[in-house]
Amino acid sequence: MAKAASPRRILAIETSCDETAAAIVQEGQQILSSVVYSQIPMHQPYGGVVPEIASRAHVQQVDVVVRLALEEAGLSLRDLSAIAVTQGPGLVGALLVGVSYAKGLAYGLNLPLIAVNHIAGHIAANHLVHPQLKKPYLCLVVSGGHSHLVSVKEDGFHLVGASQDDAAGEAFDKAARVLGLPYPGGPNLDQLARDGDQGRFRLPQPKLSGSFDFSFSGLKTAFINLVHGMQQRGEDLPRADLAASFQTAVVDQLMAKTSLALSQGSWPALTLAGGVSANSLLRKRAQALCEQLGLPLYLPPLGLTGDNAAMIGAAACWQLERQEFAGLGLNAVPGLQLQFRA
Ligand code: KG4
Ligand code: ZN
C-alpha cells in the first residue's frame, strides 16, 4: 500500500443504514465537505427501514455523494491520503455497498483502506467541532442500535455501561410507532413531547441499582400496554402527554447512569454522541447535570448527531495515526462490536 501523503485528507464513506454519505476530513478535525443523502422518504411508507430498498438506494447514490463531496471540497481523487468506510454495525446489504465501493477506490488509487466501526465514528464526531476536547472523557453513545457509556482514553475505548436489552433509539422508535407517529420515530416523538405533560404517566424503571447498565425493554413494554389499554377502552390517546412521559422516563435513566458513573470516576468532561443525542430533553438535562458538577459538556451539533460520513473520517484519522489499515479482503460485519480495552 502507498504511504499516506500530507496534509492527510481522508475520503470517508458511510452506508450502514438509511443514509448514503461521503465526506472529506483533513487532519481528523477539519470537515472539507460532507454530503448526506437521506433515504427517509423511501422508507416512510413502510414505517421503518426496508433493508433491500436501502441497499438499492446506496448502489444508486454512493458514487453521486462521493463526487459531490470532492466537488464541495474543491479536490480531486489525487488529493486524497486514504479511503475510509464503515465496516459495521449495520444492515449487511447496505454496508456491503460502501465496503465494495471503498475497496474499488482504494485499489484503483493505490491508497490505504481504513475500516471504521460506526459507533467509534459517532464518538469521534465531537472532535470535528470541539478542538478543545481532549481524551480522557466519558461519552454517552445513544443510537438506534446502541446505548453505551464509554470511557474514551488515549489507548482506546473502555466500557463503563451498556444496555442489557434494547437501545434507547430502538425504544423511542417503538414508542413512536405505538403512538402512530411516522418513521423516523425518535425525532417525531421529541417534537410531540414538547407540548406534553411529562409527569402525567409514571413508567417503571429497571432495578439495576449500583450498575452503570441500562435497560429499556420493561419500560417499552409498560408503555405499549398503557397505550393498548387506553385504545381497548376506547379512550382518546393523550398523545403529547404519553410522548412526554415516555421521553422523560428514557432520559431519566440515561442521566441517572451517566451521573452515577461521573460520581464514581474522574473524567474531566462529558460528551454525548449518536442519533438520540439530538433529543432536546437529553441535551437540556445533560447541560443541567454538567453545570451542577462544574464539568464541560461537549454536544455534537444537530447535523452530526445522525449518521454522516464526516464522523467516519474523524475516527479513521485515529486509525491512520496508528497505521491501522484494512486489506482488500475486507468484509462487512453487521454485528461488529466496539473493541473495548480491559
Ligand atoms: O445514530 P443514528 O442516526 O443511527 C444509528 O446508528 O442507529 O440513530 C438513529 C436513532 C433512531 O432510533 C432515531 O429515532 C433516534 O436516533 N433519534 C432520536 C432523535 N433523533 C434521532 N431519538 C430521540 N429524539 C430525537 N430527537
Ligand atoms: Zn449511527
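If you're wondering where the values come from, they're calculated on a predicted model, not measured in any experiment. Positions are given from 1 along the sequence. For ligands, and for the atoms within them, numbers begin at 1 and follow the listed sequence.
- With sequence neighbours left out, the side-chain hydrogen bond (donor to acceptor under 3.5 Å, both in side chains) criterion links Arg233 to Glu235.
- Checking each of Phe172, Phe201, Phe246 against Phe223 for a ring-ring contact (aromatic ring centres under 6.0 Å, His included) leaves exactly one that passes, namely Phe246.
- Here the Zn ion (ligand 2) has protein N, O or S atoms under 2.8 Å from it, and they come to 3.
- Inter-residue side-chain proximity for Asn188 and Pro182 is flagged as met; some heavy-atom pair is nearer than 4.5 Å.
- Ligand 1 is surrounded by His118, His122, Ser143, Gly144, Gly145, Gly169, Phe172, Asp173, Gly186, Pro187, Asp190, Gly274, Gly275, Val276, Ala278, Asn279, Gly306, Asp307, each with at least one heavy atom closer than 4.0 Å.
- Applying the salt bridge (charged side-chain N to carboxylate O under 4.0 Å, His left out) definition to pairs two or more places apart or across chains, those involving residues 242-266 are Asp252-Arg285.
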#### Entry: Residue pair Val141, His146: steps toward the side chain to side chain contact (heavy atoms under 4.5 Å, CB included) verdict
CA-CA 7 Å; Val141 201; His146 293 77; 5.5 Å; no
### Query
Between Lys220 and Glu170, does a salt bridge (charged side-chain N to carboxylate O under 4.0 Å, His left out) hold up when you go through it step by step?
CA-CA 9 Å; Lys220 184 186 75 180; Glu170 207 177 335; 5.4 Å; no
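- Counting only heavy atoms from C-beta outward, the side chains of Val85 and Leu330 approach each other to under 4.5 Å.
- Aromatic rings of His148 and Phe340 (six-membered ring for Trp) have centroids within the 6.0 Å cut-off, being under it.
- Under a 4.0 Å N-O distance rule, the pair Asp190/Arg194 qualifies as a salt bridge.
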